[in-house]
Structure formats: structure tokens, C-alpha cells
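Below is one structure, written out as C-alpha cells; the observations come after it.
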Amino acid sequence: MQIQDIVREVFHRDLDETLIRPLKKGMTNDSFYLEVDGKSYVLRKNGIGTEELIDRQGEAAAYQTIAPFQIAEPLVAICPQKGYKVSEFLQNVHTCRAKDISDVRACMQKLRRLHSWSLPYRKPFDILQQIAFYEHLWKQTSRHEDYAEVKDAIFHLTPLHQLLERPLCLCHIDAVPDNFLLSEDGRVYLIDWEYAAGCDPLMDPAMFAIYAGYSRAQSEKLLDLYLSRRAQPGERLRFFSFMAAGGLLWSNWCDYKEQLGETFGSYAESQYRFAIACPQWAMDASLEQAATGLCDEVSYD
């Protein structure tokens, strides 16, 4: 669908081309900046292959669920059938700086608040099933010679098979630094809810960590910030298991997009490195859990 067609459908008018400019070419979608009657907007439309990847009905349902809480970008229009979304352009904001502790703390507090609401969801997020789904979309096999070995190590992580047995709530799933906008007055917005689904809340900080390229120590610190206390071994086991699966998930996603002609360079490789490294981190946490007998969350209040 062309930009002017979307503008006409949403605003019932044509716009001069000078009032439309590319904002960014995202990894999933293309975004444009619009000025209509002196107001600024962001228009997002599907990128290459996106119709195979995104449940747009689920995205629309997520935005409807979170609307009363004003946690996301102010929505103007969303059309699941045509794959576009129009929202107000937020002024004087910056994306989360993953190396700025105050930014990261504010974002983790926002995630914790979201999860505490225990919001309903349209469907659960089964990450192992999603990994297999991206494999199914490939037109050729993985470019990684050790893919089968890496996948096997991840698929043996117990928390991934117990994922849907735990209490679930609406999670963002793609809660990466670029999807947090922080304003000058201290507000934190969590934008782009297209992957939102029901999941274990620790999935969200796990996705943040792998996108940020954190080390093991930085990842553990992130989990502590999210929990507002020192994480227990069982929590680290789940968290590192989710990081491992997330790394493989987004690596597979990149492989699919690259087969369609898009490339993501170091991002794709970094995600695969997490898929390789994190199963051992999870195993270390599992051994610590067995040694201490601590498996449930505890409070240090």
C-alpha cells in the first residue's frame, strides 16, 4: 500500500510530498514522518516479508488492551488487514541508552509495572515453536555449520519446555532499547507492540539484554534491576534460557530476511553468539540452584 493511499484513508486528504519524509528503515517495517495540519505523526507500513512474520490482529488487540494505561505511543489509526499504523510523533524523547544506568533502570521499572498489571493476551508466545516457524520460512538451510548442535543445546533447556506452564501475562516480546522512548519530563513510552503476546515476564528483559549486546555480568545486573533485588538461581536459569532461545530466534529471523535481500550484518552474528553462549550460563545457574535449593522468587523487602 502506498503512503499517499494510507494518508488518504486516515486523514481523508492528500499531502504535499514535502510533508512526508522517511523516518527510518526498521528491521521489520518502514516508518515515515508526516505533517498534517501542523501536527506531526509517524506512519508505519510493512517491510519486506513482514506479512509472514507478524500477527497484525494480535498487535491491534494488544494496543486495545494497553490503551487505558497510556504506556505506548499515542495511536491514531491501525489497520491489521493492510499492515499500517499511524501514531502521534513524540517530541523531545530519546531511545533508551543501553549503557546509561538511569535510562536502563527507568525502562526496567516500566516493564515491571506492565507485568504487574497481569493484562490479558490474545495468544501465548511459545518461543520454541516460533524458532521452528522461522526455520519453516527459510528457502535454504542455515548458514551456520554448527546450527544443529547449537539448536539442540537450546532445546534441552528445561525452562523453555515449561514456559507455558508458568503464570503468563501480556509481554511486549520485543522490549529492546530502541523501543523505549524517554522524555525530558521523566515519562517512559514502550512502543511497537507487534510481537506482543502472553509469556513469562522474564522474556522481556532477556530480549533487552541480547539486543543491547550485554555481557554475562551486564545481563545479570539487568535482571537485578528488573526485579529490584538480587535474582535467585532459578530466575537466572529462566532468564539465561530465554536469552539463548531469543538469540536463536532472532538469528533465524535475520536468515529469513536476508534470503529476501535484506542484510543485518553484526546484529545477526551477535544474536547467534548469544545462542551459543547462553545455554552454558543457564547450566551454571541450574547447578547453583541445585546446590542451594533456591528455586522460587524471594523478597528482600
Side-chain angles (χ1 to χ4, degrees), residues 111 115 123-136 138 141-142 144-169 171-176 195 197-224 226-227 230-256 268-298:
L111 271 185
H115 299 150
K123 64 180 181 180
F125 177 67
D126 184 337
I127 195 165
L128 296 182
Q129 184 180 76
Q130 198 66 22
I131 288 170
F133 171 67
Y134 288 163
E135 280 185 7
H136 174 72
W138 289 347
T141 58
S142 173
H144 301 287
E145 293 183 0
D146 60 350
Y147 179 82
E149 178 184 347
V150 171
K151 177 183 174 183
D152 185 66
I154 291 172
F155 274 57
H156 274 87
L157 294 171
T158 301
L160 301 177
H161 296 279
Q162 298 175 337
L163 177 60
L164 302 187
E165 299 172 10
R166 294 189 57 82
L168 308 181
C169 66
C171 291
H172 187 279
I173 306 300
D174 195 26
V176 302
Y195 289 100
C199 201
D200 182 322
L202 295 190
M203 186 66 74
D204 277 344
M207 294 299 189
F208 187 103
I210 61 175
Y211 187 92
Y214 282 167
S215 66
R216 178 171 177 172
Q218 290 171 320
S219 299
E220 290 192 358
K221 177 62 176 177
L222 179 76
L223 180 58
D224 292 348
Y226 168 78
L227 294 171
R230 178 63 175 161
Q232 292 299 298
E235 292 165 326
R236 287 198 293 278
L237 169 59
R238 285 158 48 210
F239 179 66
F240 288 144
S241 296
F242 298 160
M243 286 179 65
L248 191 63
L249 176 78
W250 299 123
S251 174
N252 285 4
W253 181 93
C254 287
D255 281 354
Y256 167 66
E269 292 305 316
S270 71
Q271 295 307 290
Y272 194 69
R273 285 196 294 271
F274 280 110
I276 294 171
C278 289
Q280 184 60 56
W281 301 358
M283 181 62 68
D284 293 343
S286 180
L287 292 173
E288 183 184 0
Q289 180 189 52
T292 61
L294 292 173
C295 58
D296 297 321
E297 293 87 337
V298 299

How long is the span from the [atom1] atom in [X] to the [atom2] atom in [Y], to the nearest 0.5 Å?
| X | Y | atom1 | atom2 | value |
| --- | --- | --- | --- | --- |
| Tyr134 | Ser142 | OH | OG | 15.5 Å |
| Arg236 | Arg230 | CZ | CZ | 4.5 Å |
| Leu163 | Thr158 | CG | OG1 | 12.5 Å |
| Leu157 | Ile127 | CG | CD1 | 11.0 Å |
| Leu223 | Leu227 | CG | CG | 4.5 Å |
| Ile210 | Gln271 | CD1 | CD | 4.5 Å |

Sequence neighbours left out, what pairs pass salt bridge (Lys or Arg N to Asp or Glu O under 4.0 Å) with at least one residue falling in residues 146-164?
Glu135-Lys151
Can you tell if the side chain of [X] reaches within under 4.5 Å of the side chain of [Y], non-hydrogen atoms only?
| X | Y | answer |
| --- | --- | --- |
| Asp174 | Tyr211 | no |
| Phe155 | Ile131 | yes |
| Trp250 | Met207 | yes |

Asp284 and Glu288: side-chain contact (heavy atoms from CB on, under 4.5 Å), yes or no, with the steps?
CA-CA 6 Å; Asp284 293 343; Glu288 183 184 0; over 6 Å; no
For Asp126 and Gln130, test the side chains for any donor-to-acceptor distance below 3.5 angstrom and give the result as yes or no.
no
Cut-off 3.5 Å, side chains only: do Tyr147 and Asn252 have a donor facing an acceptor?
yes
For His156, does the NE2 atom have more than 12 heavy-atom neighbours from other residues, nucleotides or ligands under 6.0 Å away?
no
Identify the two heavy atoms, one from [X] and one from [Y], that lie closest to each other, and give their separation to 0.1 Å.
| X | Y | value |
| --- | --- | --- |
| Ile173 | Ala197 | CG1-N, 3.9 Å |
| Pro201 | Tyr226 | CB-OH, 3.4 Å |
| Cys171 | Cys199 | SG-O, 3.4 Å |
| Gly234 | Gln289 | CA-NE2, 3.4 Å |
| Glu165 | His161 | OE2-O, 4.0 Å |
| Pro159 | Phe242 | O-CE2, 4.4 Å |

Does the pair Arg273/Glu269 count as a salt bridge with the N-to-O cut at 4.0 Å?
no
Test side-chain contact (heavy atoms from CB on, under 4.5 Å) on Ser219 and Phe240; report intermediate values, then the result.
CA-CA 9 Å; Ser219 299; Phe240 288 144; 4.3 Å; yes
Walk me through it: do Ser251 and His144 pass the test side-chain contact (heavy atoms from CB on, under 4.5 Å)?
CA-CA 10 Å; Ser251 174; His144 301 287; 3.8 Å; yes
Could you tell me whether a side-chain N or O of Ser241 sits under 3.5 Å from a main-chain N or O of Leu237, the two making a donor and an acceptor?
yes
Aromatic rings Trp281 and Phe274: how do their planes relate, parallel, tilted or perpendicular, breaks at 30° and 60°?
perpendicular
